[in-house]
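Worksheet for the structure shown next.
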Amino acid sequence: MKTQSYKIAVLPGDGIGPEVVKESLKVLETVTRIYGTSFEFFPASIGAKAIYETGNPLPDETLEICKDAHAILFGAIGDPSFDNNPEAKVRPEQGLLKLREALGLFANIRPIKSYETLSEISPLKKEIFAGTDMVIYRELISGIYFGEKKTSEDGTEAYDICSYTKSEIEKIAQLAFQAAEKRRKKVTLVDKANVLETSRLWRRTCQEIAKQYPGVHMDFLFVDNAAMQLILNPKKFDVILTENMFGDIISDEGSVIGGSIGLLPSASIGEKNALFEPIHGSYPQAKGKNTANPIASILSTAMMLDYLGEKKTAHHITLAVEEALNNGVVSEDLNKNKNFSTSFIGDYICKELLQEIYCRDNENVKIGKSTII
Ligand code: IPM
Ligand code: MN
């Protein structure tokens, strides 16, 4: 039994966030049951919920809880009452952006892979996407998201400045190259260097960094071309390195490859803190219906455990998720005709997890045949 107890800040947020995070917590409770790894959970509010409660999308108390935690588990953010009101002075999304900035979460890591078992439901042809395995390294706390922004007094003009420093680029580029070294040894920088000064700085900086990694091949794609290649030939990508807004856009595009955005996890890493969240939004239409896909949140939890050094546990969670997918235990985004509720899928994954572990430790018992539960 391990004695380490991890402090986890739990920020369910808006829309379907609380429902999917609840399933992640179930998984962590199962992890405790199996391995004895202990977690202390510190719930805190953010986004629209926090605005309604305190007027502030990122209350100070939430920030303190996050700073103090070993890791942050985040649900989703956004609320239609703010989306449809361009006059709103505070917005739920500001909570997440401030949190990323305050904690220095500069690297957003978004793995995208295709699941053989979901090949029928993907809008892409099987021969195009089968075997896709890539990871996007998106810079998260600079660029156009965080540059100076303004709307003129009369409301007829506005700007958002996109600016990058060499050191901001270097930090994320180092991580992307390190990741590539452990993978298929290829980094693709996605930029718009034929038009943007910032992109030319990205290219120069990354070309210098590439020299430190002679075993890694680097290539370059303009973002418009990358958007096309991602759908035409996703298999050719290994590590994609890109700036904040391009990364936001191409990661949603990439989610089509896996079959649903409801499958995609992410990690946002800083020097001291790290936050784990699905890449999907708050999906307000499904709020409270117990129909949302909990897998992105559960896989984000696996990424969190991996980050905390619990690598075996993290791997077992991904295996349990694959079992659910292989056995058709999926939500309505993945199968319109035969689907299961959010909580059922969470329970199923926990059950699989218990069986997987049992089987691994008892080689005579075949996977799926155990009667431990
Ligand atoms: C994401 C989201 C956020 C972003 C929003 C909610 C601010 O779309 O994490 O991809 O644009 O970064
Ligand atoms: Mn996004």
Side-chain angles (χ1 to χ4, degrees), residues 11-18 20-21 45-51 56-58 62 66 72-86 88-112 134-147 149 160 162 164 168 172 190 223 226-227 230 240-258 260-270 273-287 292-293 296-297 299-300 303-304:
L11 278 53
D14 304 323
I16 58 167
V20 296
V21 166
S45 60
I46 191 164
K49 184 169 182 282
I51 297 176
N56 182 354
L58 178 64
T62 300
C66 290
I72 305 157
L73 203 53
F74 186 92
I77 209 155
D79 188 290
S81 59
F82 295 91
D83 295 344
N84 305 332
N85 175 12
K89 290 277 175 288
V90 279
R91 301 187 161 276
E93 289 78 4
Q94 287 164 346
L96 180 58
L97 295 173
K98 276 190 188 159
L99 184 62
R100 288 173 178 170
E101 190 182 27
L103 299 180
L105 306 177
F106 65 93
N108 184 224
I109 302 165
R110 299 185 159 183
I112 294 176
M134 68 174 97
V135 56
I136 299 175
Y137 274 68
R138 167 190 174 195
E139 196 291 325
L140 201 58
I141 51 171
S142 187
I144 197 165
Y145 271 56
F146 290 92
K149 38 189 90 243
D160 300 271
C162 179
Y164 268 104
E168 286 168 342
I172 177 125
V190 169
V223 63
L230 207 60
I240 293 182
L241 168 61
T242 192
E243 61 101 78
N244 203 344
M245 189 156 80
F246 297 158
D248 181 46
I249 297 168
I250 63 167
S251 56
D252 269 33
E253 188 193 1
S255 75
V256 176
I257 297 162
S260 167
I261 197 167
L263 293 171
L264 291 193
S266 81
S268 302
I269 309 280
N273 300 93
L275 177 148
F276 300 84
E277 59 168 323
I279 85 156
H280 62 66
S282 61
Y283 192 18
Q285 305 87 321
K287 180 182 174 174
N293 191 343
S297 180
L299 289 176
S300 301
M303 288 184 87
M304 179 180 90

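Computed over heavy atoms, backbone and side chain alike; hydrogens, waters and symmetry mates excluded. Read the numbers this way: they start at 1 and go in the same order the structure lists the ligands and their atoms.
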Does ligand 1 have any N/O pairs with the protein under 3.5 Å, and how far apart?
residue: ligand 1; atom: 8 (O); partner: Asp248; partner atom: OD1; Å: 3.3
residue: ligand 1; atom: 9 (O); partner: Arg100; partner atom: NH2; Å: 2.7
residue: ligand 1; atom: 9 (O); partner: Arg110; partner atom: NH2; Å: 2.9
residue: ligand 1; atom: 10 (O); partner: Arg110; partner atom: NH1; Å: 3.4
residue: ligand 1; atom: 10 (O); partner: Arg110; partner atom: NH2; Å: 2.9
residue: ligand 1; atom: 10 (O); partner: Arg138; partner atom: NH1; Å: 3.3
residue: ligand 1; atom: 10 (O); partner: Asp248; partner atom: OD1; Å: 2.9
residue: ligand 1; atom: 11 (O); partner: Tyr145; partner atom: OH; Å: 2.5
residue: ligand 1; atom: 12 (O); partner: Arg100; partner atom: NH1; Å: 2.7
residue: ligand 1; atom: 12 (O); partner: Arg138; partner atom: NH1; Å: 3.3
residue: ligand 1; atom: 12 (O); partner: Arg138; partner atom: NH2; Å: 2.8

Salt bridge (Lys or Arg N to Asp or Glu O under 4.0 Å) partners for Asp79, two or more places apart: none
Asn85: partners by side chain to side chain contact (heavy atoms under 4.5 Å, CB included), with sequence neighbours left out: Glu87, Ala88
Side chains of Ile249 and Val223 in contact at under 4.5 Å (non-hydrogen atoms): no
Side chain proximity check, Pro92 to Ile51, heavy atoms < 4.5 angstrom: yes
Value rounded to 0.5 Å, distance of CD1 in Ile279 from CG in Leu263: 10.0 Å
Heavy-atom side-chain contact between Val90 and Asn56 under 4.5 Å: no
Charged tip of Arg138 within 45° of Tyr145 ring normal and under 6.0 Å: yes
Heteroatom count (protein N, O or S) under 2.8 Å of the Mn ion (ligand 2): 1
Leu96 side chain reached by Glu277 side chain, heavy atoms, under 4.5 Å: yes
From CG (Asp252) to NE2 (His280), nearest 0.5 Å: 11.0 Å
